[in-house]
Amino acid sequence: MTQTEQSWQWYDDNAHIYEEMDPATLEFGRQLLAYADPPPGARLLDVGAGRGAVVRAAVDRGCVVTAVDAAPAMVARLRADFPTVTVSYMDAQRFDFPDACFDVVTAGFVLDLLPDREAAVAEVRRVLRPGGVFALSLPGPRPHRRRWQWLVDLAREFYPGAVPEDLDEQVDVNVAALLTTAGFVGWTRRDFELPVPIPDPAALWDLFAARLPTAVSAGWVDRLPPEREAEFRRRFLAGAERMHAGGGIALDRYVVLHRALAP
Ligand SMILES: C[S@@+](CC[C@H](N)C(=O)[O-])C[C@H]1O[C@@H](n2cnc3c(N)ncnc32)[C@H](O)[C@@H]1O
């Protein structure tokens with residue numbers, strides 16, 4: 001598998017549950033579109049569109065939307081769900097579009113996945129008209145990560161090797177440098193936090209068992225023998241109950257939005 005295939009393979013396999021397993025996905029799409037702030041009628045390209053969190057917000061605003069993704073299952077779903085949108089199967093590092101044909105390009109949680117980010121940002125610049133807007137989102141820091149340490153420890157005990165040792169390391173994307181190198185101007189960024197409250201331990205278990213892609217990502221529950229699974233579940237619910245009683249359970253979501261202009 002090439003590095004580029006690795007960037008989208010997981011999304012291809014999980015297209016059917018991608019939006020369902022993260023309660024914040026649609027809100028993040030709305031936030032990115034609001035930050036890009038296109039006028040109605042703008043020609044907008046959404047890169048790595050996934051299930052269409054940004055696309056949906058752009059359609060609602062009256063943009064003329066084109067969406068691309070490299071995962072065939074995402075492309076198929078986008079075509080079915082957004083009949084007014086032009087959807088193409090395309091690599092974000094090499095667009096099959098002419099120069100200067102879009103007013104706005106958005107990329108929600110995509111840049112960090114790509115092996116050649118310089119190429120991707122240069123391509124965005126190429127397809128934007130002068131004065132066009134590039135807006136992107138990336139995962140932010142996780143200052144409250146230690147609140148979830150109990151779950152990381154539990155997962156490591158029951159699933160040796162399944163939780164990466166470098167869990168706290170985030171992909172470091174120097175967006176300002178990438179934008180500058182590609183010739184963008186007027187860079188701004190906005191950080192925001194979106195805690196997603198989880199009503200009780202049982203609801204957290206439901207999310208966990210549905211392969212929630214948090215820092216303590218799961219999908220492991222079904223790999224245990226039944227008696228171990230019962231024990232894991234018991235201790236999971238006890239840990240969640242302590243969190244619930246000690247201030248409430250919330251998925252801590254941090255996002256950084258970036259925006260710049262093509263000169
Ligand atoms: C984290 S998801 C974000 C989806 C959507 N933008 C959102 O905000 O919900 C990343 C998306 O980028 C796509 N992707 C990954 N590598 C890509 C590439 N090289 N070219 C185009 N799309 C890619 C994945 O298939 C996936 O749909």
Side-chain angles (χ1 to χ4, degrees), residues 9-11 13-32 34-35 50-51 53-54 108-110 112-113 137-173 189-257:
Q9 188 60 59
W10 185 90
Y11 298 95
D13 294 342
N14 292 281
H16 60 298
I17 52 166
Y18 179 70
E19 276 187 359
E20 290 74 9
M21 68 188 179
D22 187 343
T25 300
L26 290 177
E27 180 57 21
F28 289 147
R30 284 192 284 270
Q31 293 278 348
L32 178 58
Y35 199 54
R51 286 279 297 280
V54 186
F109 305 113
V110 182
D112 52 326
L113 304 175
S137 56
L138 289 171
R142 302 191 206 116
H144 300 314
R145 164 65 175 77
R146 67 186 173 283
R147 291 205 310 228
W148 292 93
Q149 191 59 45
W150 65 269
L151 185 48
V152 173
D153 293 343
L154 190 65
R156 286 198 167 124
E157 179 185 333
F158 279 75
Y159 300 92
V163 184
E165 288 308 316
D166 61 356
L167 194 60
D168 286 328
E169 282 178 24
Q170 290 195 292
V171 178
D172 188 20
V173 183
R189 69 174 266 175
R190 181 163 82 80
D191 296 45
F192 78 93
E193 184 178 337
L194 185 74
V196 179
I198 305 295
D200 54 37
L204 182 67
W205 174 261
D206 288 346
L207 273 177
F208 184 84
R211 300 172 182 250
L212 181 74
T214 63
V216 286
S217 181
W220 316 315
V221 175
D222 51 5
R223 287 191 233 141
L224 288 176
E227 67 285 0
R228 292 274 292 159
E229 183 186 328
E231 168 70 359
F232 179 76
R233 183 185 170 119
R234 189 185 64 72
R235 287 180 49 195
F236 177 101
L237 289 171
E241 186 54 52
R242 279 192 294 277
M243 218 178 172
H244 185 55
I249 306 171
L251 306 180
D252 305 305
R253 305 302 307 275
Y254 292 82
V255 178
V256 185
L257 303 175

Any idea which heavy atoms bring [X] and [Y] closest together, and the distance?
X: Val196; Y: Ala24; value: CG2-CB, 3.9 Å
X: Leu26; Y: Ala53; value: CD2-CA, 4.0 Å
X: His244; Y: Pro199; value: CE1-O, 2.9 Å

Leu138 and its side chain to side chain contact (heavy atoms under 4.5 Å, CB included) partner, picked from Val110, Asp112, Leu257
Asp112
Please determine whether side-chain contact (heavy atoms from CB on, under 4.5 Å) holds for the pair Trp10 and Tyr18, giving the CA-CA distance in whole Å, both sets of side-chain angles, and the decisive distance to 0.1 Å.
CA-CA 10 Å; Trp10 185 90; Tyr18 179 70; 4.0 Å; yes
Side chain Ser137, main chain Phe109, donor-acceptor under 3.5 Å
yes
So, does Arg51 use its side chain to make a donor-acceptor pair with the main chain of Ala15 at under 3.5 Å?
yes
Hey, what do you get for [atom1] ([X]) to [atom2] ([Y]), rounding to the nearest 0.5 Å?
X: Gln9; Y: Asn14; atom1: CD; atom2: CG; result: 10.0 Å
X: Arg253; Y: Phe192; atom1: CZ; atom2: CZ; result: 9.5 Å
X: Leu204; Y: Leu151; atom1: CG; atom2: CG; result: 7.0 Å
X: Thr25; Y: Arg30; atom1: OG1; atom2: CZ; result: 10.5 Å

Determine the interplanar angle of the Phe232 and Trp205 rings, folded into 0 to 90°, and report it as parallel if under 30°, tilted if 30 to 60°, perpendicular if over 60°.
tilted
side-chain contact (heavy atoms from CB on, under 4.5 Å) between Tyr11 and Leu113, worked out
CA-CA 11 Å; Tyr11 298 95; Leu113 304 175; 3.6 Å; yes
Would you say the side chain of Arg147 lies within less than 4.5 Å of the side chain of Met243, judging by non-hydrogen atoms?
yes
Student check: side-chain heavy atoms of Leu251 and Trp148 closer than 4.5 Å
yes
Chi angles and distances behind the side-chain contact (heavy atoms from CB on, under 4.5 Å) call for Asp191, Tyr254:
CA-CA 7 Å; Asp191 296 45; Tyr254 292 82; over 6 Å; no
So, Glu157 and Arg235, do they make that salt bridge, N to O below 4.0 Å?
yes
side-chain contact (heavy atoms from CB on, under 4.5 Å) between Arg190 and Gln31, intermediate numbers included:
CA-CA 10 Å; Arg190 181 163 82 80; Gln31 293 278 348; 2.9 Å; yes
Is Arg228 close enough and on-axis enough to Phe158, meaning under 6.0 Å and within 45°, for cation-pi?
yes
